[in-house]
Amino acid sequence: MRVGKTQQRSAARLLTALFAPPKPAAKARAKPKPKPASTAAPKPAPKPRSASTAVPKPGPAARAAPAALAKDAPAPGKWLAARYAGQAGQVLRQMSYWLYLPDGIAPPAGWPLIVMLHGCEQSATQFAQGTRMNQTAQKAGYAVLYPQQSLSAHPHRCWKWYDRATQQGGGDVPVIVGMVSQVLAADGLDRARVFICGMSAGAGMANIVALNHPELFAGLGLHSGPLYGAGHSTVGALGVMQHGNGARVDSAIAEVLERRPGFPSLPTILIQGDDDRVVRPVNQVHLRRQAMLVNDLPAATPVRVAHKAAGRSGLPYQLHDVYRGRKLVLRVARIAQLQHAWSGGDARLSFNSAAGPDASKMLVDFFGKHRR
């Protein structure tokens, strides 16, 4: 079972979205870029959070059989929408976000939190629906935060993971970190169990945020993500997505460790499709090496390999686990035949594949083994 022509078209559209020059505002619906804080008019205070009980309903193209609709029934917790205002360099940025809080009584320390960063050509609500992370979080007892890249920052909502200043902790990084800190305080969540993950460009951005603020996160999850520390332009980003960048694998992490002596352990799970032609599997090979360096794991550290049959997921896959003592520090999941799509997701939405193991469950199961 392969991801079909719909996902192939989605992948082609993604590459076009990332590298095509912005269209005129009337067509691209791009908002004017914010002015520097020193000259901009005063910004309105962030709107208070509004609540609903469900992820927005899918459009006409998202119709499905009753069994599928039952599987995708909205999770019963709270679904909150809000905006966060914070500094991105000299610019005041307002970023929308959605927050899922599970139904039930929170543990004494509060719910643990997963931060989910969408990919290009996706919104936060589409990412929530496509990954079914809210339903998974409800079962496991997690809150989930979905920041949303604005159209004014990028006409196709791409996170700028390839930007050098962003990689070094600038750009949208302080906005996302400030948003996480605000949500942790406002909702009494567990600061010892905060995790961040993403898909494609969102994976690249999640990696950057975690590498610049490792004290905040107890674990990192990257699905179909590019390696860290290379690109530095849209053309360079395309090269990374297609070929990785062997010359930057070690040196990019050396720069991180030099900026942050005493870097703490950062448990990481990497998920990748073998047939991904948008962010090719060589990136996972490079990310694996970078995760070993970040976690100070010698190259000769034993790896436990498990081969999983297709089963109900429809696609076979492999797990490569690296331990420090009894603690699982790195898990690498390689899924046969999967293209550029969230494994085990809602295939009614672009960049999601019904086939493959449930990536959301894999992330939550991995995060459940760790705390800061």
Verify same cluster id: [X], [Y] (apolar side-chain graph, 4.5 Å):
X: Leu184; Y: Leu117; result: yes
X: Phe263; Y: Leu287; result: yes
X: Val256; Y: Met292; result: yes
X: Val144; Y: Ile105; result: no

Answer yes or no: is there a donor N or O on one side and an acceptor on the other, between the side chain of [X] and the main chain of [Y], under 3.5 Å?
X: Asp274; Y: Gln337; answer: no
X: Ser360; Y: Arg132; answer: no
X: Gln148; Y: Ser96; answer: no
X: Asn283; Y: Arg280; answer: yes
X: His286; Y: Arg248; answer: no
X: Gln167; Y: Ala230; answer: yes
X: Gln149; Y: Met95; answer: no

So, Ser200 and His340: side-chain donor and acceptor under 3.5 Å apart, yes or no?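 On atom types as modelled, these side chains qualify, holding a pair under 3.5 Å.
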
Check [X] against [Y] and note the closest heavy-atom contact, atom names and distance.
X: Ala341; Y: Leu338; value: O-CD2, 3.6 Å
X: Arg372; Y: Ala218; value: N-CB, 3.3 Å
X: Asp346; Y: Asn352; value: O-CB, 3.1 Å
X: Gly244; Y: Val282; value: N-CG1, 3.7 Å
X: Ser265; Y: Val329; value: OG-CG1, 4.5 Å
X: Arg334; Y: Pro281; value: NH2-CB, 2.9 Å

Neighbour count above 12 (heavy atom, 6.0 Å) for [X] [atom1]:
X: Asp103; atom1: CG; result: yes
X: Arg164; atom1: CZ; result: no
X: Glu215; atom1: CD; result: yes

Heavy-atom side-chain contact between [X] and [Y] under 4.5 Å:
X: Pro267; Y: Leu328; value: no
X: Asp358; Y: Met362; value: no
X: Met205; Y: Ile176; value: yes
X: Val194; Y: Leu113; value: yes
X: Ser224; Y: Val278; value: no
X: Ile335; Y: Gln272; value: no
X: Gln290; Y: Val249; value: yes
X: Pro357; Y: Lys308; value: no

Rounded to the nearest 0.5 angstrom, the CZ-CD distance for Arg259 and Gln168 is 5.5 Å

Evaluation steps, ring-ring contact (aromatic ring centres under 6.0 Å, His included), between Tyr146 and Trp79: CA-CA 11 Å; Tyr146 300 88; Trp79 185 236; 5.6 Å; yes

Under 4.0 Å between a side-chain nitrogen and a carboxylate oxygen: does that hold for Asp190 and Arg193? yes

- Hey, are Lys160 and Asp172 close enough for a salt bridge, meaning a charged N less than 4.0 Å from a carboxylate O? no

Given the options Arg331, Lys369, Arg288, Lys327, Asp321 meets salt bridge (Lys or Arg N to Asp or Glu O under 4.0 Å) only with Arg331

Given the options Met116, Gln135, Gln138, Met133, Tyr100 meets side-chain contact (heavy atoms from CB on, under 4.5 Å) only with Gln138

query: Taking only residues at least two apart or on different chains, which pairs with a member in residues 141-156 satisfy salt bridge (Lys or Arg N to Asp or Glu O under 4.0 Å)?
result: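 Checked against salt bridge (Lys or Arg N to Asp or Glu O under 4.0 Å) - neighbours excluded - no pair reaches residues 141-156.
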
What is the ring orientation for Trp342 with Phe127, classed by angle as parallel under 30°, tilted 30 to 60°, or perpendicular over 60°?
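Ring orientation of Trp342 relative to Phe127: perpendicular.
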
Sequence neighbours excluded, the answer for ring-ring contact (aromatic ring centres under 6.0 Å, His included) partners of Tyr228 is none

